[in-house]
Q: 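Just passing along the structure, written as structure tokens.
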Amino acid sequence: MQQSSPAGLILALACFLAACGGGAGGEDPKSAADKPKVVRIATFNAALNRPAPGALIEEAAAGESPQIRAVAEIIQRVNPDIILINEIDRDEVGQAAALFKAYFLARSQNGAAPIDFPHVYFAPVNTGVPSGFDLNRDGAVHAQPGDRGYGEDAFGFGAFQGQYGMAVLSKYPFDPADARTFQNFLWKDMPGALLPDDPQSGATGGWYAPAALEAFRLSSKSHWDLPVRIGSDVIHILASHPTPPAFDGPEARNRRRNHDEIRLWADYISKEK
């Protein structure tokens with residue numbers, strides 16, 4: 001793997017053989033039958049986040065949660081082929097996603113047909129990852145989970161590492177060797193970065209201390225370029241869940257970050273063209 005809100009963001013780029021250099025003569029007719037005419041791609045802020053690590057796993061393991069059942073029923077009725085789920089707590093072994101699939105999606109909810117997603121991408125995110133810096137400038141560095149202000153000093157807001165994570169579920173296989181994550185991409189390295197100004201001194205881009213900017217990551221969760229193989233073609237799922245453009249002061253640090261998190265995809269797509 002290369003290291004390179006109110007709602008999540010998911011984009012799909014179709015990369016067909018003729019367009020991508022895979023064959024000058026167009027599509028192989030033998031492959032026409034193995035591709036669907038329509039692929040349904042969805043994004044869902046499912047609120048599968050809990051206040052403590054392991055709480056979602058414990059709740060999902062019981063298999064009776066009304067809220068998780070409601071989320072599963074919505075997905076079953078929409079019946080997407082690929083879905084980005086936002087705000088699902090991430091654990092290191094992906095147990096929460098596995099339990100959600102086995103105990104909720106694979107079982108009928110209120111008469112809806114069960115749904116199977118054989119392929120899951122549940123990579124690390126920046127929420128709850130301590131930065132080691134006083135990012136909210138309250139005069140203290142909050143580096144221990146449970147500390148008041150811990151989430152605001154983390155690279156992405158979260159009471160613990162992986163809270164408010166994201167996952168992609170798919171009926172079609174991923175191409176993990178070509179997957180890219182921009183989790184560690186630094187905000188300062190973005191051309192024309194809209195870094196927050198210091199409202200006290202007026203310094204342009206001066207809200208964060210220079211040492212903090214050397215480590216500050218652009219993604220509040222992450223940015224993934226995830227290739228999905230559909231028949232002989234590949235589409236690229238560009239998935240992210242930008243920080244909401246609110247909850248800040250006159251420096252507008254969250255609004256500016258939201259702007260640049262979205263602009264990253266615009267720049268990325270333009271460069272890929």
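Just so you know, residue 1 is the first one in the sequence shown, and it goes up from there.
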Q: Could you report the tightest heavy-atom contact between Glu261 and Ser220, atom names first, then the distance?
A: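 Closest heavy-atom pair between Glu261 and Ser220: OE2-OG, 2.8 Å.
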Q: Between the main-chain N or O of Thr243 and the side-chain N or O of Asn258, is there a donor-acceptor pair closer than 3.5 Å?
A: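 Flag set: sc Asn258 to bb Thr243 pair under 3.5 Å.
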Q: State, with a plain yes or no, whether a side-chain heavy atom of Asp260 is found less than 4.5 Å away from one of Ile262.
A: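 In short, these two side chains do not touch, never coming nearer than 4.5 Å.
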Q: Give the table of side-chain donor-acceptor pairs shorter than 3.5 Å for residues 157-168, with sequence neighbours excluded, one pair per line with atom names and distance.
A:
unit_1 : atom_1 : unit_2 : atom_2 : d
Gln163 : OE1    : Ala159 : N      : 2.5
Gln163 : NE2    : Arg50  : O      : 2.9

Q: Side chain to side chain contact (heavy atoms under 4.5 Å, CB included) for Ile74 and Phe44? Distances and angles first, verdict last.
A: CA-CA 10 Å; Ile74 291 170; Phe44 186 10; 3.9 Å; yes
Q: Assess, by modelled atom type and distance only, whether the side chains of Asp267 and Ser270 contain a donor and an acceptor separated by less than 3.5 Å.
A: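 Judged by distance alone, the side chains do not pair up.
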Q: Should Arg217 and Val129 count as side-chain neighbours, where that means a heavy-atom distance under 4.5 Å?
A: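 A side-chain contact exists here, since the closest heavy-atom pair is under 4.5 Å.
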Q: Please confirm whether the backbone N or O of Pro245 pairs with a side-chain atom of Asn254, one donor and one acceptor, at under 3.5 Å?
A: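 Checking the backbone N and O of Pro245 against the side chain of Asn254, no donor-acceptor pair under 3.5 Å is found.
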Q: Less than 4.5 Å apart, side chain to side chain, heavy atoms only: is that true for Asp89 and Leu48?
A: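 The answer is no; the side chains never approach within 4.5 Å.
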Q: If the plane angle is over 60° it's perpendicular, under 30° parallel, otherwise tilted; pick one for Phe216 and Phe155.
A: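 It falls in the perpendicular class, over 60°.
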Q: Test Val78 against Arg40 for side chain to side chain contact (heavy atoms under 4.5 Å, CB included), laying out the working first.
A: CA-CA 9 Å; Val78 174; Arg40 295 168 64 84; 3.8 Å; yes
Q: Roughly how far, to the nearest 0.5 Å, is the CG atom of Asn49 from the CD1 atom of Ile88?
A: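 That separation rounds to 10.0 Å.
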Q: Which pair of heavy atoms, one from Pro114 and one from Ser108, lies closest together, and at what distance?
A: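 The answer is CG-N, 3.7 Å.
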Q: Using modelled atom types and a 3.5 Å cut-off, is there a donor and acceptor pairing between side-chain atoms of His142 and backbone atoms of Gly151?
A: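 The answer is no, because no donor-acceptor pair under 3.5 Å joins these two groups.
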Q: Rounded at 0.5 Å granularity, tell me how far OG1 in Thr204 sits from CG in Asp198.
A: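 Reported to 0.5 Å precision, the distance equals 10.0 Å.
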Q: Taking the side chain as C-beta and beyond, is there a heavy-atom pair between Leu218 and Leu264 under 4.5 Å?
A: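 The answer is yes; the side chains approach within 4.5 Å.
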Q: Compare every heavy atom of Ala143 with every heavy atom of Pro130, then report the nearest pair and how far apart it is.
A: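 Smallest heavy-atom distance, with atoms named: CB-O, 4.2 Å.
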Q: Does some side-chain heavy atom of Pro118 sit less than 4.5 Å from a side-chain heavy atom of Asp116?
A: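 The answer is yes, as the side chains (C-beta and beyond) meet within the 4.5 Å cut-off.
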Q: Within the structure provided, determine whether Ile235 and Ile82 are in side-chain contact (heavy-atom separation under 4.5 Å).
A: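 Counting from C-beta outward, Ile235 and Ile82 do come under 4.5 Å.
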Q: Under the salt bridge (charged side-chain N to carboxylate O under 4.0 Å, His left out) definition, can you give me all pairs with a residue in residues 71-82, not counting sequence neighbours?
A: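 Only Glu73-Arg77, Asp81-Lys171 qualify under salt bridge (charged side-chain N to carboxylate O under 4.0 Å, His left out).
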Q: Under the side-chain hydrogen bond (donor to acceptor under 3.5 Å, both in side chains) definition, can you give me all pairs with a residue in residues 147-156, not counting sequence neighbours?
A: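 Counting only pairs at least two positions apart or across chains, the side-chain hydrogen bond (donor to acceptor under 3.5 Å, both in side chains) contacts touching residues 147-156 are Asn136-Glu152.
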Q: For the backbone of Gln95 and the side chain of Asp91, can you confirm whether one donor and one acceptor N or O come within less than 3.5 Å of each other?
A: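 Yes: the side chain of Asp91 pairs with the backbone of Gln95.
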Q: If only side-chain N and O atoms count, and only distance matters, is there a donor-acceptor pair under 3.5 Å linking Ser222 with Asn126?
A: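 Not at all, the side chains of Asn126 and Ser222 share no donor-acceptor pair under 3.5 Å.
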Q: Check the side chains of Ser240 and Trp224 for a donor-acceptor pair under 3.5 angstrom, ignoring hydrogens and angles.
A: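 Ser240 and Trp224 do not have a side-chain donor-acceptor pair below 3.5 Å.
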Q: Contact between Leu213 and Trp187 at the side-chain level, heavy atoms closer than 4.5 Å - yes or no?
A: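 No - every pair of side-chain heavy atoms lies 4.5 Å or more apart.
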Q: Give me the one residue out of Arg255, Arg256, Arg257, Arg253 that meets salt bridge (Lys or Arg N to Asp or Glu O under 4.0 Å) with Asp248.
A: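 Exactly one option meets the salt bridge (Lys or Arg N to Asp or Glu O under 4.0 Å) with Asp248, and it is Arg255.
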Q: For Trp207, give me all partners under ring-ring contact (aromatic ring centres under 6.0 Å, His included), at least two apart in sequence or on another chain.
A: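 ring-ring contact (aromatic ring centres under 6.0 Å, His included) list for Trp207, sorted by chain: empty.
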Q: Are Leu194 and Trp265 grouped together when hydrophobic residues (ILVMFWY) are joined by side-chain heavy atoms under 4.5 angstrom apart?
A: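 Unlinked, Leu194 and Trp265 end up in two clusters.
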Q: Apart from Val38 itself, what residues make up its hydrophobic cluster, given side-chain heavy atom links below 4.5 Å?
A: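 Val38 shares its hydrophobic cluster with no other residue.
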Q: To the nearest 0.5 Å, what is the distance between CG (Leu186) and OG (Ser219)?
A: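 Those atoms lie 10.5 Å apart.
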Q: Working note: Glu64 + Tyr103, criterion side chain to side chain contact (heavy atoms under 4.5 Å, CB included); need CA distance, chi angles, decisive distance, verdict.
A: CA-CA 9 Å; Glu64 298 294 335; Tyr103 289 176; over 6 Å; no
Q: Looking at residues at least two apart in the chain, or sitting in another chain, which of them share a side-chain contact (heavy atoms from CB on, under 4.5 Å) with Asp175?
A: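 With sequence neighbours excluded, Asp175 shows a side-chain contact (heavy atoms from CB on, under 4.5 Å) to Ala177, Asp178, Pro227, Arg229, given in chain and number order.
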Q: Tell me whether Asp197 contacts the main-chain N or O of Gly205 through its side chain, where contact means a donor paired with an acceptor under 3.5 Å.
A: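 Yes.
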Q: Identify the two heavy atoms, one from Val71 and one from Phe100, that lie closest to each other, and give their separation to 0.1 Å.
A: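 Closest approach of Val71 to Phe100: CG1-CZ, 3.8 Å.
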Q: Does the ring center of Tyr268 lie less than 6.0 Å from the ring center of Phe182?
A: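 Centroid separation for Tyr268 and Phe182: below 6.0 Å.
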Q: With distance as the sole test, does Arg90 use its side chain to make a donor-acceptor pair with the main-chain N or O of Phe122 at under 3.5 Å?
A: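 Yes, because the side chain of Arg90 sits within donor-acceptor range (under 3.5 Å) of the backbone of Phe122.
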Q: For the backbone of Asn110 and the side chain of Gln76, can you confirm whether one donor and one acceptor N or O come within less than 3.5 Å of each other?
A: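 No: the side chain of Gln76 does not pair with the backbone of Asn110.
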Q: With a 4.5 Å limit on heavy-atom distance, are the side chains of Phe117 and Ile75 in contact?
A: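 The answer is yes, as the side chains (C-beta and beyond) meet within the 4.5 Å cut-off.
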Q: Around atom CD of Glu58, are there more than 12 heavy atoms of other residues, nucleotides or ligands at under 6.0 Å?
A: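 Counting other residues, nucleotides and ligands, CD of Glu58 stays at 12 neighbours or fewer.
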Q: Report the C-alpha separation of Phe174 and Leu226 in whole Å, then their side-chain angles, then the decisive distance to 0.1 Å, and conclude whether the side chain to side chain contact (heavy atoms under 4.5 Å, CB included) test is met.
A: CA-CA 7 Å; Phe174 302 126; Leu226 185 57; 3.4 Å; yes
Q: Can any side-chain N or O of Ser65 pair as donor or acceptor with the backbone N or O of Ile68 at less than 3.5 Å?
A: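 Confirmed, Ser65 side chain pairs with Ile68 backbone.
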Q: Drop me the distance from Leu238's CG to Leu84's CG, to the nearest 0.5 angstrom.
A: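 Answer rounded to 0.5 Å: 11.0 Å.
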Q: What closest approach, in Å, do Phe133 and Ala211 show between heavy atoms, and which atom pair accounts for it?
A: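 The pair with the smallest heavy-atom distance is CZ-O, 3.5 Å.
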Q: Are the side chain of Gln183 and the backbone of Val125 linked by a donor-acceptor contact shorter than 3.5 Å?
A: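 Flag set: sc Gln183 to bb Val125 pair under 3.5 Å.
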Q: I'd like to know if the side chain of Asp134 and the backbone of Arg137 have a donor-acceptor N/O pair within less than 3.5 Å.
A: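 Side chain of Asp134 to backbone of Arg137, a donor-acceptor pair under 3.5 Å: yes, one is there.
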